[in-house]
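Everything below concerns the one structure shown next.
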Amino acid sequence: LAAIPRGDWIDPVKAIGRPDAPITIVMFADFWCPACRAASATLLAYQAQHPRAVRVVYRHLPLWEIPGHETSKAAAALSEMAGEQGKFWEFAHALHGAPRQLSRADYLTLMVQLGFEPEAVEARLSSPQDPALLRVTREIAFAEQVGVTATPTFILLVEAHAPVAVSQAALPRWLNSPTITAILAREQQPGP
């Protein structure tokens with residue numbers, strides 16, 4: 001993981017928090033993974049509690065081959081389209097609030113609510129060369145390159161430390177570690 005430049009982990013379109021935050025948590029996730037949805041809500045709340053110190057970055061790893069996740073790749077591509085208009089997190093919050101996996105018609109309704117033309121969205125979803133779908137494909141390849149095979153998986157990028165891959169079960173232990181606790185305490189001090 002240390003061989004990957006820090007900038008390669010981060011897509012600013014799918015990041016919340018200050019670019020200079022000393023703690024960046026990269027989350028590889030699938031929009032329809034129940035554990036990912038819960039983890040996302042927890043991480044966003046954690047980031048909101050520590051806005052000077054923590055940045056959260058979403059990376060796609062759609063598991064569309066698993067029963068119940070069939071529309072995951074479409075959701076990822078649509079989120080990328082929304083991200084082109086600065087609406088990635090608005091799209092993500094809408095999906096996380098959905099009680100069930102959305103159908104194609106539901107996705108189109110959501111995209112219309114975000115200000116997109118349904119015909120244009122349909123045309124883009126049907127094109128295997130669409131830039132949004134190609135970005136998702138590149139993220140899947142990146143996940144494979146760095147050895148991420150399950151969702152959610154977290155990569156912790158902490159100042160002056162090598163990146164660390166962390167499972168959902170181990171994340172609370174890492175976030176409560178002395179290193180992270182010291183950074184959070186330092187960042188809560190009033191600045192000049």
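- Heavy atoms of other residues, nucleotides or ligands lying less than 6.0 angstrom from CD of E117 number 12 at most.
- Summarising the geometry, atom OG1 belonging to T42 is positioned 9.0 Å from atom CG belonging to L171; distances are rounded to the nearest 0.5 Å.
- Between the side chains of S72 and D30, a donor-acceptor pair is found at a separation under 3.5 Å.
- In this structure, L1 and A165 approach most closely via the heavy-atom pair CD1-N, 3.5 Å.
- Separating the CE atom in M111 from the OG atom in S79 is a distance of 8.5 Å, to the nearest 0.5 Å.
- In this structure, the side chain of S167 engages the main chain of A170 through a donor-acceptor pair within 3.5 Å.
- Here the side chains of I25 and Y46 are in contact, with some heavy-atom distance below 4.5 Å.
- Linking ILVMFWY side-chain heavy atoms closer than 4.5 Å, directly or via other members, places V57 and I4 in a single hydrophobic cluster.
- Relative ring orientation between Y107 and F91 is described as parallel, the plane-to-plane angle staying below 30° on a 0-90° scale split at 30° and 60°.
- For the atom pair OG1 (T109) and CG (L114), the distance works out to 11.0 Å, reported to the nearest 0.5 Å.
- Between the side chain of S177 and the backbone N or O of R173, no donor-acceptor pair lies under 3.5 Å.
- Checking side-chain atoms of R124 against main-chain N and O of D130 turns up no donor-acceptor pair under 3.5 Å.
- Classification of E139 and K14 as a salt-bridged pair holds, one side-chain N sitting under 4.0 Å from a carboxylate O.
- Of all heavy-atom pairs spanning V146 and W9, the tightest one is CG1-CH2, 3.7 Å.
- Hydrophobic clustering keeps L134 apart from Y58 (ILVMFWY residues linked when any side-chain heavy atoms are closer than 4.5 Å, directly or through intermediates).
- Minimum heavy-atom separation, A169 to P172: O-CD, 3.6 Å.
- Shortest non-hydrogen contact noted between I155 and P163 is CG2-CB, 4.1 Å.
- Contact annotation: the side chain of P12 never approaches that of P19 to less than 4.5 Å [non-hydrogen atoms, C-beta and beyond].
- No path of Ile, Leu, Val, Met, Phe, Trp and Tyr side chains, each step under 4.5 Å between heavy atoms, connects V112 with L95, placing them in separate hydrophobic clusters.
- R52 contributes atom CZ, which lies 12.5 Å from atom CD1 of I23 (distance to the nearest 0.5 angstrom).
- Counting heavy atoms from C-beta outward, T137 and K73 have side chains that approach closer than 4.5 Å.
- Residues L102 and T71 fail the side-chain proximity criterion, which asks for heavy atoms closer than 4.5 Å.
- Atom CG of L44 is separated from atom NE2 of H96 by 8.0 Å, given to the nearest 0.5 angstrom.
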Quick one: do R138 and E80 satisfy salt bridge (Lys or Arg N to Asp or Glu O under 4.0 Å)? Show the steps, please.
CA-CA 12 Å; R138 282 193 298 275; E80 288 290 323; over 6 Å; no
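- Side-chain polar atoms of S103 and D106 form a donor-acceptor pair below 3.5 angstrom.
- Residues F142 and R59 approach most closely at CD2-NH2, 3.5 Å, considering heavy atoms.
- Between W89 and H93, the two ring planes are tilted [angle within 30° to 60°].
- Annotation: side chain of K87 is not in contact with side chain of M81 (no heavy-atom distance under 4.5 Å).
- Residues L175 and V166 form no side-chain contact, since every pair of their non-hydrogen atoms from C-beta on lies 4.5 Å or further apart.
- The hydrophobic clustering, which links ILVMFWY residues whose side-chain heavy atoms are closer than 4.5 Å, places L133 and I140 apart.
- For the atom pair OG1 of T24 and CD1 of I10, the computed distance is 4.5 Å after rounding to the nearest 0.5 Å.
- Residues Q85 and F116 approach most closely at CG-CZ, 3.4 Å, considering heavy atoms.
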